[in-house]
Amino acid sequence: MNLNLQTTLLGGQAFNWDYIDNKYYGFTHNGLIIIDNGKITQINENVDMDEYLGNNLDYESIKKEINKDKHIDEAIKHIKNITVLKQDFLLTTTSYILATNKNIPSIRKSIRVLSQMYGTPILGTNHNTFPTPKSLALAPIEDLKKASIGYRAPYLKETSKLLADIQLPNKKEDIRKVLIDMPGIGPKVADCILLYSLGYLDTVPIDRWMYNIAKDIYQVPYTKNEDISKWYTEYFGKYAGIAGQYLFEYYRLK
DNA sequence: AACCAGGCATGGG
DNA sequence: CCCATGCATGGT
């Protein structure tokens, strides 16, 4: 499959990729991943890129399975070949704590400032690594606020402490509870973590966009986010999270 | 300038 | 349990 890297890497699910001179640069806790015309180079990193990009799944049959109606069909046709990434758990969790009630450009910017402050330079590049929970846990809150994260700063610090030596339970619902107990993590962020890093592809995080899509396009009667999320999962099935990603990226750009 | 953003924590009913 | 409100700050 000819992946749509533009929307997949620079859209709403990852904030650690830059697009410079026709190349994608993704900074991680350890190093840098470069994608140049499909050729992947990793600097001080060893990510299974097929798994990361979702290339280990049969997206042609997944797209058939989730293509339940004309709305999702339209989204699939226009957005073309995005996948749901399987990202590092700590990186994803850190990112989405910062993402609450912010727009995507602003989230990206905050993460870059933090990486300049608390990441380490990647030799031979202009990038810094993505800050680790350990480094963020030690940072003064006033310094964290220099990244324009406002009231999220104490959440980031406290949850980073917890993340530094976390061990997750096995079942999805148990993981979700553990995550929601952490500062700055509610149902939406927990679901993003489950979907974008832990492989629970039936999960549909509900933000304003996904809420409005359910109400306006699908005429879903429910008003609570949890009910709408369940509706998405029941309607689209085990790959509902992928369906949600197509809908999100399509209707967000409309 | 006003409104919104991949929401969460808190307090009151 | 449910709902309302405040929240820092930047993007549009």
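Just so it is clear: chains get the letters A, B, ... in the order the sequence lines come, proteins before strands, and each one is counted from 1.
In this structure, CZ of A:Arg108 is placed 14 Å from C1' of B:dG6, rounded to the nearest angstrom. Note: CD1 (A:Ile107) to P (C:dA8) measures 18 Å, nearest angstrom. In this structure, A:Arg152 places its CZ atom 13 Å from C1' of B:dA9, rounding to the nearest Å. Rounding to whole angstrom units, CG of residue A:Leu179 and C1' of B:dA9 are separated by 17 Å. The nearest whole Å value for the distance from the CG atom in A:Asn225 to the C1' atom in C:dC3 is 13 Å.
Pair assignment for B:dG11: C:dC3, on the basis of Watson-Crick or G-U wobble contacts that are both within less than 3.5 Å. Pair check for B:dA2 finds C:dT12; Watson-Crick or G-U wobble, both atom distances under 3.5 Å.
In this structure, A:Trp231 has its ring center closer than 6.0 angstrom to the ring center of A:Tyr218.
Put simply, A:Arg208 has no side-chain N or O that comes within less than 4.0 Å of OP1 or OP2 on B:dC4.
Taking atom P in both B:dG6 and C:dG6, the straight-line distance is 23 Å, to the nearest Å. The separation of C:dG10 from B:dA9, taken at their P atoms, amounts to 22 Å, rounded to a whole angstrom. The separation of C:dT9 from B:dA1, taken at their C1' atoms, amounts to 16 Å, rounded to a whole angstrom.
Taking only side-chain atoms of A:Tyr96, from C-beta outward, the nucleotide of B:dG6, B:dC8, C:dC2 with the closest atom is B:dG6.
Using a 4.0 Å cut-off between charged side-chain N and carboxylate O, A:Glu74 and A:Lys77 make no salt bridge. Comment: A:Arg176 engages A:Glu226 in a salt bridge, judged by a side-chain N to carboxylate O separation of less than 4.0 angstrom. A salt bridge links A:Asp18 with A:Arg112: the distance from a Lys NZ or Arg NE/NH1/NH2 to an Asp or Glu carboxylate oxygen falls below 4.0 Å. For A:Lys70 and A:Asp73, the salt-bridge test fails: no basic side-chain N is under 4.0 Å from an acidic carboxylate O. A salt bridge is defined here as a Lys NZ or Arg NE, NH1 or NH2 lying under 4.0 Å from an Asp or Glu carboxylate O, and A:Lys172 with A:Asp202 meets this definition.
Between A:Leu179 atom CG and A:Ile185 atom CD1 the span is 5.5 Å, to the nearest 0.5 Å.
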I'd like a list of close polar pairs between nucleotides 10-12 of chain C and the protein, N/O only, cut-off under 3.5 Å.
unit_1: C:dG10; atom_1: OP1; unit_2: A:Ser148; atom_2: OG; d: 3.2
unit_1: C:dG11; atom_1: O4'; unit_2: A:Asn103; atom_2: ND2; d: 2.9

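Residue contacts for A:Glu249: at a heavy-atom cut-off of 4.0 Å it reaches no nucleic acid atom on any strand shown. Among the protein residues, A:Ile206 comes within range of no part of the nucleic acid, since none of its heavy atoms lies under 4.0 Å from any strand. Across all strands shown, A:Phe248 has heavy atoms under 4.0 Å from base atoms, whether or not it also approaches the sugar-phosphate. Across all strands shown, A:Ile149 has no heavy atoms under 4.0 Å from either base or sugar-phosphate atoms. Across all strands shown, A:Lys145 has no heavy atoms under 4.0 Å from either base or sugar-phosphate atoms.
Looking at which nucleotide of DNA chain B each of A:Asn212 and A:Ala190 is closest to, the 5′-most match is held by A:Asn212. Position along DNA chain C of the nearest nucleotide to A:Tyr151 versus A:Lys224 favours A:Lys224 as the more 5'-ward residue. Mapping A:Trp209 and A:Gly184 onto DNA chain B via the closest heavy atom, the residue that lands nearer the 5' end is A:Trp209.
Counting distance only, with no hydrogens placed and no angle test, the side-chain atoms of A:Tyr196 and the base atoms of B:dG6 include a donor-acceptor pair under 3.5 Å.
Classification of the A:Tyr196-A:Tyr96 ring pair by plane angle, with boundaries at 30° and 60°, yields parallel.
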